[in-house]
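Take a look at the structure set out below.
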Amino acid sequence: CGNSDTGSDGAGDDGKLVLGFSQVGAESGWRTANTVSIQEAAGEAGIELKFDDAQQKQENQIRAIRNYIQQKVDVIAFSPVVESGWDTVLKEAKDAGIPVILTDRAVDSADKSLYKTFLGSDFVKEGRLSGEWLVEEKKAATGDVNIVELQGTTGSAPANDRKKGFGEAIAADPKLKIIASQSGDFTRAGGKQVMEQFLRAHPKIDVLFAHNDDMGLGALEAITAAGKVPGQDITIITIDAVKDGMQALADGKFNFIAECSPLLGPQLMDLAKKVHAGEEVPPRIETEETTFTQEQAKEALPNRKY
Ligand code: GYE
């Protein structure tokens, strides 16, 4: 066709919409389920997916996005590992006329025109629901309730927001005290290692709040090795509700999980088609989620897909 001035129709050789996706990494069960959801949904939607795993490094994500711009893909989507530092590369995509969709995690850019929409969870709410459950659970406790916190990746939206929501909720009861808080980078190995340090430094730990299941699962090993009974000596709250987390909850090792759904693939493909067609999409699309107690985990577990 003679419309050479737009020049950016990246449609694949077979006319398929081409989506360049930059994934955070493979740090957790949540992330694995998220990647599978995106790959499967692309196949079902007839979208050609270019996929890059950034191994939890922002510089790798920026490089992947620049590659997608150079390849003139139709749409770019990514899950930003941290919140800050995206304006330059997002501006490059905008100047190239390639629409960008944020999935799962947000950026803190003041210029909202740098992306079309943000699809993902309300992380502040997940933290708040976790904190509210704890306030109720420890209502009758006498004396200080010592909490240790395993944070997600430093500077990431879910770590910042879950910390905030949890902190605001537990402020309702002054006996609930966070005595230590450190990043375990959303991994099992990180959770185990930091929990070992916490246990060495603090003889009385009543509660663990882990920003995801995987860090909580890693911490279980450290707690057991220290001769304590998880779920009894230490109350454990996590976020995500992936299968291994739900199993630990049903087994009585965890006490509460706030769900965070990784199944964003189908909605993402739908949005990619819409923004490519120049249709308006809502600036924010929130994932629907619930929470689980031990009893609820036992019921839900047999049908849990991921
Ligand atoms: O909770 C954690 C993962 O960004 C919501 O990243 C996601 C988080 C999820 O590593 O398990």
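Start at 1 and go down the list; that is how both ligands and their atoms are numbered. The structure displayed is predicted, hence computed values, not measured ones.
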Any salt bridge between Asp95 and Lys91, counting N to O under 4.0 Å? yes

For His211 and Glu126, does a side-chain donor sit closer than 3.5 Å to a side-chain acceptor? no

With the threshold set at 4.0 Å, does a side-chain nitrogen-carboxylate oxygen contact exist between Asp104 and Arg31? yes

Please tabulate, for the side chains in residues 50-57, all donor-acceptor contacts under 3.5 angstrom to protein atoms that are two or more places apart in sequence or on a different chain.
unit_1	atom_1	unit_2	atom_2	d
Asp53	OD1	Gln55	N	2.7
Gln56	OE1	Thr153	OG1	3.3
Gln56	NE2	Asp185	O	3.2

Can you name the residues that come within less than 4.0 Å of ligand 1, going by heavy atoms only? Glu27, Ser28, Trp30, Arg31, Asp104, Arg105, Phe123, Pro158, Arg162, Phe186, Asn212, Asp240, Cys260

So, Asp251 and Gln247: side-chain donor and acceptor under 3.5 Å apart, yes or no? yes

More than 12 non-hydrogen atoms from neighbouring residues, nucleotides or ligands closer than 6.0 Å to NZ on Lys125, yes or no? no

